[in-house]
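In what follows, every heavy atom counts, from backbone to side chain, and hydrogens, waters and symmetry copies are set aside.
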Amino acid sequence: MWTEGIIAVDWGTTNRRAWRLDASGSVEDEFEDGCGITGVAQGGFPTAVAQVRERLGDLPLLMAGMIGSNRGWVEAPYVPCPAGPETLAASLCRIEEERAAIVPGLSYRGEGRGDVMRGEEVQLFGAVAAGLTPPDALVCHPGTHNKWARVEGGRVSSFRTVMTGELFSLLKDRSILSDWLGGQVEPGNAFRTGVRRGLAGDAVTAELFGVRASVLLGDLPKEYAASFTSGLLIGADVRTGLREAEDGTIHVMGRPDLTVLYAAALQEAGRESQQIDGEQAFLAGVADIARRLT
């Protein structure tokens with residue numbers, strides 16, 4: 001089923017990205033669109049999947065992300081940590097009649113809390129398989145819901161989610177700060193000042209209203225409000241992620257426009273970081289899982 005090549009799909013809440021890979025794992029074609037799971041009508045996933053094949057060819061599909069959630073096509077139960085790539089490969093949710101399989105997410109219970117992820121696990125294991133991260137590492141994965149994942153012996157042993165990206169989006173779209181948060185976020189002085197405030201540990205809810213006050217009083221130019229606010233939230237995020245981190249390099253993996261911000265924040269925290277392209281890691285992870293199925 002998997003030896004002639006596959007179509008890999010990273011299917012999220014609001015967007016979808018797909019690649020046609022040959023038998024060696026090399027990319028032959030790809031596309032990206034806004035057809036996330038929330039844009040698919042009830043009962044419409046077979047049609048949405050057929051559209052992927054119309055664009056990339058009649059090949060088996062290996063999918064990851066929110067497509068396997070309880071709001072997606074078929075729910076793929078979470079695999080508890082600690083877990084490695086062999087566990088994912090053995091726990092695929094197969095849809096035989098569609099020549100498709102969905103990668104399960106990971107779950108974590110410990111320290112009096114629980115957590116879940118979908119999609120990031122493919123990148124985490126792919127980064128190790130491709131030599132982009134060592135088998136023992138702390139990985140920061142920026143996104144709508146940033147993950148701090150502890151990888152030990154090539155297996156994810158624990159992780160924690162911080163809703164930084166979603167919170168910034170909500171503030172930008174629906175808060176009293178929305179008029180000032182539409183600008184481009186850059187890792188410059190305003191961003192780094194915000195990071196330092198976030199790292200300081202004061203209540204973020206209080207600091208956020210301070211953004212409004214600072215603009216109204218002329219202490220913060222409104223064109224810098226987006227960068228400062230992003231820095232404030234990311235600084236608090238980094239403070240959480242580093243709470244129990246050991247010395248050493250933090251591996252920041254994801255979209256380059258986000259990893260550069262977290263790398264700047266980690267620098268403000270006095271930590272070294274290495275940026276890793278999330279797409280490269282995802283494709284390496286999909287290829288590794290596919291190889292385990294042949």
Side-chain angles (χ1 to χ4, degrees), residues 8-17 36-40 45 62-95 100-128 133 137-170 233-234 236-238 240-245 250-255 258 262 278 281-282 285-286 288-289:
V9 187
D10 186 2
W11 207 324
T13 303
T14 58
N15 65 349
R16 172 180 65 177
R17 191 162 187 189
I37 64 164
T38 56
V40 179
F45 279 104
L62 185 55
M63 300 173 286
M66 293 301 288
I67 187 69
S69 72
N70 59 2
R71 298 180 62 186
W73 185 15
V74 178
E75 186 171 4
Y78 294 106
V79 172
C81 288
E86 71 287 346
T87 315
L88 290 187
S91 306
L92 293 180
C93 178
R94 295 176 180 264
I95 308 147
I102 299 174
V103 179
L106 297 183
S107 64
Y108 172 74
R109 287 189 177 96
E111 304 168 331
R113 61 179 180 85
D115 215 327
V116 293
M117 70 166 68
R118 285 196 187 274
E120 296 93 348
E121 70 287 335
V122 177
Q123 296 186 35
L124 290 167
F125 296 133
V128 175
T133 62
L138 177 63
V139 180
C140 171
H141 193 298
T144 303
H145 301 142
N146 182 38
K147 308 290 184 184
W148 292 88
R150 173 66 63 185
V151 181
E152 298 178 315
R155 297 163 62 83
V156 175
S157 58
S158 64
F159 60 93
R160 187 162 196 180
T161 303
V162 189
M163 291 177 59
T164 302
E166 182 172 359
L167 180 55
F168 184 81
S169 180
L170 289 170
L233 295 175
I234 291 175
D237 185 333
V238 167
T240 297
L242 295 182
R243 189 165 293 158
E244 298 181 9
I250 309 298
H251 296 80
V252 187
M253 181 168 59
R255 287 179 11 220
L258 294 178
Y262 275 78
F282 179 82
V286 166
D288 183 64
I289 291 172

Undergrad: Which heavy atom of P77 sits nearest a heavy atom of P104, and at what distance?
TA: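 That closest heavy-atom pairing would be O-CB, 3.1 Å.
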Undergrad: Please lay out, stage by stage, how K147 and D115 fare under the test side-chain contact (heavy atoms from CB on, under 4.5 Å).
TA: CA-CA 10 Å; K147 308 290 184 184; D115 215 327; 4.3 Å; yes
Undergrad: Supply the atom-to-atom distance N146 CG to E120 CD, rounded to the nearest 0.5 angstrom.
TA: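 The CG atom of N146 sits 9.0 Å away from the CD atom of E120.
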Undergrad: Considering all heavy atoms of both residues, which atom of P142 and which atom of M253 are nearest to each other, and what is their separation?
TA: CD-O, 3.1 Å
Undergrad: If every non-hydrogen atom of A245 is compared with every non-hydrogen atom of R150, which pair is closest and at what distance?
TA: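 Nearest pair, atom of A245 first, then R150: CA-NH2, 4.0 Å.
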Undergrad: Could you tell me if the side chain of W148 sits less than 4.5 Å from the side chain of T240, heavy atoms only?
TA: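 No. Closest side-chain heavy atoms not under 4.5 Å.
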Undergrad: So, R109 side chain and P80 main chain: donor-acceptor pair closer than 3.5 Å or not?
TA: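 No; judged by distance alone, with no hydrogens or angles, the pair does not exist.
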Undergrad: Distance check, rounded to the nearest 0.5 Å: L106 atom CG versus S158 atom OG?
TA: 11.5 Å
Undergrad: Is the closest side-chain heavy-atom distance between T144 and T13 below 4.5 Å?
TA: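 Side-chain contact under 4.5 Å: no.
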Undergrad: Quick one: are I67 and V9 in side-chain contact, heavy atoms under 4.5 Å?
TA: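 No, side chains not in contact.
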Undergrad: Would you say that Y108 contacts M117 through its side chain, given a criterion of any heavy-atom pair below 4.5 Å between the two side chains?
TA: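 No, every pair of side-chain atoms sits at 4.5 Å or beyond.
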Undergrad: How many angstroms lie between CD in E75 and CG in N70, if you round to the nearest 0.5 Å?
TA: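 Going from the CD atom of E75 to the CG atom of N70 covers 5.0 Å.
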Undergrad: Can you find a heavy atom in the side chain of I289 that is under 4.5 Å from one in the side chain of F125?
TA: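 The answer is no, as the side chains (C-beta and beyond) never meet within the 4.5 Å cut-off.
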Undergrad: Nearest 0.5 Å, please: how far is CG in L138 from CD1 in I250?
TA: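 Answer for the CD1-CG pair, I250 versus L138, is 4.5 Å.
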Undergrad: Minimum heavy-atom separation for A76 and I102, please, with both atom names.
TA: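 Nearest heavy atoms, A76 then I102: CB-CG2, 4.0 Å.
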Undergrad: Is the shortest side-chain heavy-atom distance between S107 and V79 below 4.5 Å?
TA: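 With C-beta onward as the side chain, the pair stays apart.
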Undergrad: Given 3.5 Å as the limit, does a donor-acceptor pair link the side chain of Q123 with the main chain of E121, or not?
TA: no
Undergrad: Any donor-acceptor pair under 3.5 Å linking the side chain of S69 with the backbone of G65?
TA: no
Undergrad: Closest approach of T161 and V116, non-hydrogen atoms and distance?
TA: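 Smallest heavy-atom distance, with atoms named: OG1-O, 3.9 Å.
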Undergrad: Are R118 and Y78 in a cation-pi setup, meaning NZ or CZ lies under 6.0 angstrom from the ring centre and within 45 degrees of the ring axis?
TA: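 So R118 does make the cation-pi contact.
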Undergrad: Tell me, do T133 and L124 make a side-chain contact under 4.5 Å, heavy atoms counted?
TA: no
Undergrad: With the side chain counted from C-beta on, respond yes when V128 and D288 share a heavy-atom pair under 4.5 Å apart, and no when they do not.
TA: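 No; the side chains remain at least 4.5 Å from each other.
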Undergrad: Rounded at 0.5 Å granularity, tell me how far CD1 in I95 sits from CE in M63.
TA: 4.5 Å
Undergrad: On a heavy-atom basis, which atom in Y262 and which in C140 lie closest, and how many Å separate them?
TA: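 Taking every non-hydrogen atom into account, CD2-SG, 3.5 Å.
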Undergrad: Can you label the angle between the W73 ring and the F45 ring as parallel, tilted or perpendicular, going by 30° and 60°?
TA: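 It falls in the parallel class, under 30°.
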Undergrad: CG of D237 to CZ of R160: how many Å apart, nearest 0.5 Å?
TA: 10.5 Å
Undergrad: Would a distance-only check, ignoring hydrogens and angles, find a side-chain to backbone donor-acceptor pair under 3.5 Å from R71 to M66?
TA: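 Not a single qualifying donor-acceptor pair exists.
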